[in-house]
Amino acid sequence: MERTQEANRRARDASVLFVCLGNICRSPTAEAVFRERAARAGLAQRIVVDSAGTGDWHVGRPPDRRAIAHAAKRGYDLTPLRARQVAPGDFDRFRWILAMDEANLRDLQALRPRAHHGHLGLFLDFAPSLGVREVPDPYYGGLDGFERVLDLVEEASERLLEHVGRGLRTGDARAPS
Ligand code: 4NP
């Protein structure tokens, strides 16, 4: 295989898109946390990470200031991120499309092209030990909701990174069974 083709194939195998409703609280937090964990594992060059929202209300805006502040306390920088809406082309670009909650997942399933062969599922399913499957929406709640998002996202990012990293080493990137 030609070199750029090989590089593209590898990048696609390790491309992760986190999706929530507004793309200003949960999914940008997941994007920043997972990118940081991937970088610490020496995989920054091998994993493409992005986030998007199913809704379009906040397109072009930075993350919610509460999400920025709470993430900063744990060393994650959300300030360069800008909200965007999920687009049909995302199903071609991303091997792993991970929803924060069941409503996000249903919206993504409705958009999913028949030809999509990547993984579409709930992010927290990579961390069954958490005992919950959804990252609760913190937008209308108190500040403890943002800490809860970070706790869930940090744990699930570690588990997802183990899974994706193993796939990169072995060429096997199947979803959890
Ligand atoms: P997110 O949170 O989906 O985690 O970004 C929300 C942000 C905005 C709204 C809802 C949820 N909103 O209704 O504007």
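All ligand and atom numbering here is 1-based and tracks the order in the structure.
Taking 4.0 Å as the cut-off between side-chain N and carboxylate O, Arg106 and Glu102 do not count as a salt-bridged pair.
In summary, the atoms of ligand 1 found under 4.0 Å from a heavy atom of Cys25, numbered by their order in the structure, are 1 (P), 2 (O), 4 (O), 5 (O). Ligand-side atoms of ligand 1 in range of Ile24: 5 (O), 7 (C), 8 (C), range being under 4.0 angstrom from any heavy atom. Close contacts between ligand 1 and Gly22 involve ligand atoms 1 (P), 3 (O), 5 (O) [criterion: under 4.0 Å to a heavy atom].
Between the side chain of Arg26 and the backbone N or O of Val135 there is at least one donor-acceptor pair closer than 3.5 Å.
If you check which protein heavy atom lies closest to atom 1 (P) of ligand 1, you get Cys20 SG, 3.5 Å. Among protein heavy atoms, the minimum distance from atom 9 (C) of ligand 1 is reached at Tyr139 CD2, 3.5 Å. Of all protein heavy atoms, the one lying nearest to atom 14 (O) of ligand 1 is His58 NE2, 2.8 Å. Ranking the protein heavy atoms by distance from atom 11 (C) of ligand 1 puts Asp137 OD2, 3.0 Å first. The protein heavy-atom contact nearest to atom 13 (O) of ligand 1 is Tyr140 OH, 3.4 Å.
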*For side-chain contact (heavy atoms from CB on, under 4.5 Å), just list the numbers for Leu161 and Leu43, CA-CA rounded to whole Å, side-chain angles, deciding distance to a tenth of an Å, and then say yes or no.*
CA-CA 9 Å; Leu161 188 59; Leu43 294 172; 4.0 Å; yes

*Could you walk me through whether Asp101 and Asn104 pass side chain to side chain donor-acceptor pair (under 3.5 Å), step by step?*
CA-CA 5 Å; Asp101 64 32; Asn104 308 148; 3.2 Å; yes

*Could you check Tyr139 against Ile24 for side-chain contact (heavy atoms from CB on, under 4.5 Å), going step by step and ending with a plain yes or no?*
CA-CA 9 Å; Tyr139 190 66; Ile24 56 169; 3.7 Å; yes

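Between His119 and Phe126, the gap from one ring centroid to the other is short of 6.0 Å.
Every N/O-N/O distance between Pro138 and ligand 1 stays at or above 3.5 Å. For ligand 1, the polar-atom distance check finds no N/O of Ser27 at less than 3.5 Å from any of the ligand's N/O atoms.
Contact detail for Val149 and Pro138: the closest heavy-atom pair is CG2-CG, 3.9 Å.
Checked by atom type, the side-chain pair Glu31/Tyr76 shows no donor-acceptor distance below 3.5 Å.
Under 4.0 Å from ligand 1, not a single heavy atom of Asp64 appears. Heavy atoms of Met100 found under 4.0 angstrom from ligand 1: none, in either backbone or side chain.
Evaluated by nearest non-hydrogen atom to atom 10 (C) of ligand 1, the leading choice among Leu21, Thr54, Val19 is Leu21.
Residues Leu21 and Val153 are members of separate hydrophobic clusters, defined by side-chain heavy-atom contacts under 4.5 angstrom among Ile, Leu, Val, Met, Phe, Trp and Tyr.
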